[in-house]
Number of protein chains: 2
Amino acid sequence: MARASYTLEDVAREAGVSPSTVSRVINGSARVRPGKLKAVLEAIDRLGYQPNLMAKGLAQGKSLTIGVMVQEISSPFYGEIIKGIEQGLEGTLYHPVFSTGHWQVEQEMEALRVLSARQIDALIVLDGLAPEEYFLGLARKMPLVLFGRRIEGLERNTLLVDNLQGAYRGTRHLIELGHTRIVHIAGPAHHPDARSRLEGYRKALEDAGIPFDPELVVEGDYMETSGVLAVESLLSRRVQFSAIFAANDQMAMGVMLALYRRGIRVPEDISLVGFDDLPGSSYMTPPLTTVRQPTLELGREAARAALMMLTGQPYEPPVLSTSLIVRESTAMLRVGRMAGWGR
Amino acid sequence: MARASYTLEDVAREAGVSPSTVSRVINGSARVRPGKLKAVLEAIDRLGYQPNLMAKGLAQGKSLTIGVMVQEISSPFYGEIIKGIEQGLEGTLYHPVFSTGHWQVEQEMEALRVLSARQIDALIVLDGLAPEEYFLGLARKMPLVLFGRRIEGLERNTLLVDNLQGAYRGTRHLIELGHTRIVHIAGPAHHPDARSRLEGYRKALEDAGIPFDPELVVEGDYMETSGVLAVESLLSRRVQFSAIFAANDQMAMGVMLALYRRGIRVPEDISLVGFDDLPGSSYMTPPLTTVRQPTLELGREAARAALMMLTGQPYEPPVLSTSLIVRESTAMLRVGRMAGWGR
DNA sequence: TTGTAGGCGTTATCAG
DNA sequence: CTGATAACGCCTACAA
């Protein structure tokens with residue numbers, strides 16, 4: 001474990017100037033005589049000097065770090081958002097630091113605590129579960145960007161995706177293909193996005209004059225397994241349906257597997273629509289028709305929001321919209337092709 | 001943006017003791033009279049005091065941070081490793097900080113630079129592309145853990161997965177099912193793991209007395225697309241084969257799609273084996289038979305290695321082994337069922 | 001057992 | 001334009 005790295009003072013000595021001058025050169029915080037500037041620059045790369053961000057942070061009372069609380073870092077959905085955040089921070093001096101909550105309030109609070117001990121300058125929270133007051137408190141201390149959670153008083157800190165509209169589109173697509181017995185595999189009831197999607201589904205049915213049938217709605221937990229469980233429950237209950245609108249792609253994947261197991265074909269027998277458009281969804285067999293969420297843009301926007309707030313600029317959060325990506329898991333309804341029929 | 005947080009000095013004042021005493025209490029670095037201890041503890045939580053890690057870091061010359069250079073943070077494969085690293089660091093004072101290289105040497109060096117500016121105490125590099133000397137230099141400065149790259153002189157810092165053996169097993173599984181015309185979709189030739197897998201494939205053939213046919217090997221880039229491209233190339237070249245061993249699951253997914261498009265069924269017409277066992281692979285249709293890499297364990301081990309080195313304990317890296325997970329994408333060879341036959 | 005003083009690497013203030 | 005000098009919040013001798 002060799003020598004520590006060089007300090008600003010070393011550079012100053014090497015260049016024959018004072019530390020303050022070196023600091024000025026590095027930060028461009030004031031004009032410096034060309035001759036000295038050159039000397040400093042040369043000294044810097046002769047020594048391979050790298051400023052110590054911790055010291056800089058201490059001195060400035062900033063850490064140049066943006067905390068990101070995410071429930072699962074290894075999830076295709078959050079992965080894209082994270083990527084977006086990274087992209088949005090690229091080129092700035094800020095760096096993201098992640099901490100995971102694993103959908104556990106306790107762990108989430110701990111994650112938040114860890115981040116705050118690291119003196120993060122701003123915080124991005126994806127699907128926060130902690131109590132409202134906690135976030136209200138945080139927002140008073142630092143720039144806060146929320147996604148997946150609505151809290152009164154924090155509207156300006158919240159990034160919204162139009163889930164209702166997205167679900168409406170996904171459902172209407174199926175209706176336009178002639179389907180009327182459309183199953184909805186919903187997300188967890190406590191998740192606001194899941195509720196909006198369910199609502200969009202209902203609204204699309206309503207607008208088409210198709211009566212809402214509670215029997216067609218099954219609640220899942222956004223994981224693949226719950227997709228297979230949902231199908232199995234439907235089938236064992238002999239529910240009739242010709243299409244499924246899953247509240248996310250992961251559950252849709254489970255659905256595909258369950259149908260495959262039963263020898264039910266997609267889209268010939270059952271049409272399937274997902275939500276999210278995960279990176280892998282276009283490679284499912286068949287490629288999944290889904291409602292795309294602009295995850296990458298979302299991440300970038302979150303970063304942008306944090307940066308704007310950090311520089312005290314006024315920020316007005318946009319409502320990001322979804323789009324229907326029609327691939328191969330949906331097809332026109334064919335009579336006599338309905339799962340659950342006659343047995 | 002309310003008040004800054006409390007400092008150790010505030011706590012000291014509140015508790016009626018000196019700052020050093022507070023410090024001692026927090027770090028347990030020396031005995032403190034019970035009375036004062038209690039006073040300090042109370043003051044701490046009355047104020048909700050949180051130590052400033054940057055200041056602590058500066059003072060101690062440590063950052064309590066472990067840098068992780070990963071090529072893609074949003075990839076199912078690295079995602080699992082990252083999760084493992086997090087798990088391995090849980091309960092310690094260390095926290096991981098990620099930076100991505102995007103398979104670009106330039107970006108990787110930049111990522112490494114960013115990490116080092118943050119004074120990381122140890123570094124974990126997943127599939128590093130930078131020049132050998134660079135890593136040799138890094139290893140001299142701090143604990144370094146490498147994965148996916150072998151560098152002479154850094155054997156003790158390198159976590160190895162037995163890729164050759166894994167590929168051997170995957171291939172032999174196909175051979176045991178009666179297949180002899182087995183395609184291998186290899187990873188990028190410059191990637192050491194990809195080379196080992198190709199080697200394992202060859203060795204399995206050789207041991208079974210099946211002649212190696214270069215026509216059956218196609219090089220991919222580990223992404224889904226290259227899986228579909230490979231199949232298309234094979235088919236257009238009228239190559240005959242009844243099974244495919246893909247060097248990773250993502251390419252296998254591409255393969256499935258390409259076969260599906262051509263109406264070729266898995267496993268009835270073609271058997272397919274992947275490598276990695278990504279979280280989603282058990283939900284492919286059909287669920288993929290694959291060679292499992294212990295990604296989670298790998299991450300945990302990387303963390304453990306870093307921690308051991310950090311505390312100066314001797315560390316001897318293990319060779320992690322793979323295991324064959326048989327699911328539904330492979331089946332006995334049936335005559336007359338070979339793609340490319342007779343046209 | 002406890003407090004005081006100095007230092008970690010930077011930046012900011014203030015003379016010059 | 002430039003150089004001292006004093007913080008930033010914490011830790012660690014050293015002295016008491």
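Numbers restart at 1 for each chain; the letters A, B, ... are given by sequence-line order, proteins then strands. Just so it is clear, the values below take in all heavy atoms, side chains as well, and ignore hydrogens, waters and symmetry mates. All figures in this text were calculated on a predicted structure; none of them were measured in a lab.
Contact check, A:Asn52 against C:dC8: no side-chain N or O comes under 4.0 Å of OP1 or OP2. Taking 4.0 angstrom as the limit, A:Ser18 places a side-chain polar atom (N or O) nearer than this to OP1 or OP2 of D:dG3.
We find that OH of B:Tyr49 is positioned 7 Å from C1' of D:dG9, with the value rounded to whole Å. Atom pair B:Met54:CE and C:dG7:C1' shows a separation of 17 Å (rounding to whole Å applied). C:dG3 atom C1' lies 13 Å from atom CD of B:Glu9, rounded to whole Å. Put simply, CG on B:Asp10 is 13 Å from C1' on D:dC8, counting in whole angstrom units. With rounding to whole Å, A:Leu8 atom CG is found 19 Å from D:dA7 atom P. B:Arg13 has its CZ atom 18 Å from the C1' atom of C:dT2, to the nearest Å. Taking atom CD of B:Gln60 as the reference point, atom P of D:dG9 lies 17 Å away to the nearest angstrom. Rounded to an integer number of Å, the gap from CZ of B:Arg24 to P of D:dG9 is 20 Å.
Between B:Thr21 and B:Leu58, the one whose closest nucleotide on DNA chain C sits nearer the 5' end is B:Thr21.
Under a 3.5 Å cut-off, the side chain of A:Asp121 and the backbone N or O of A:Ser63 do form a donor-acceptor pair.
Using a cut-off of 4.0 Å between Lys/Arg side-chain N and Asp/Glu carboxylate O, A:Lys83 and A:Glu86 are scored as not salt-bridged.
Among the protein residues, B:Ser20 comes within range of the nucleic acid bases, having at least one heavy atom under 4.0 Å from a base atom.
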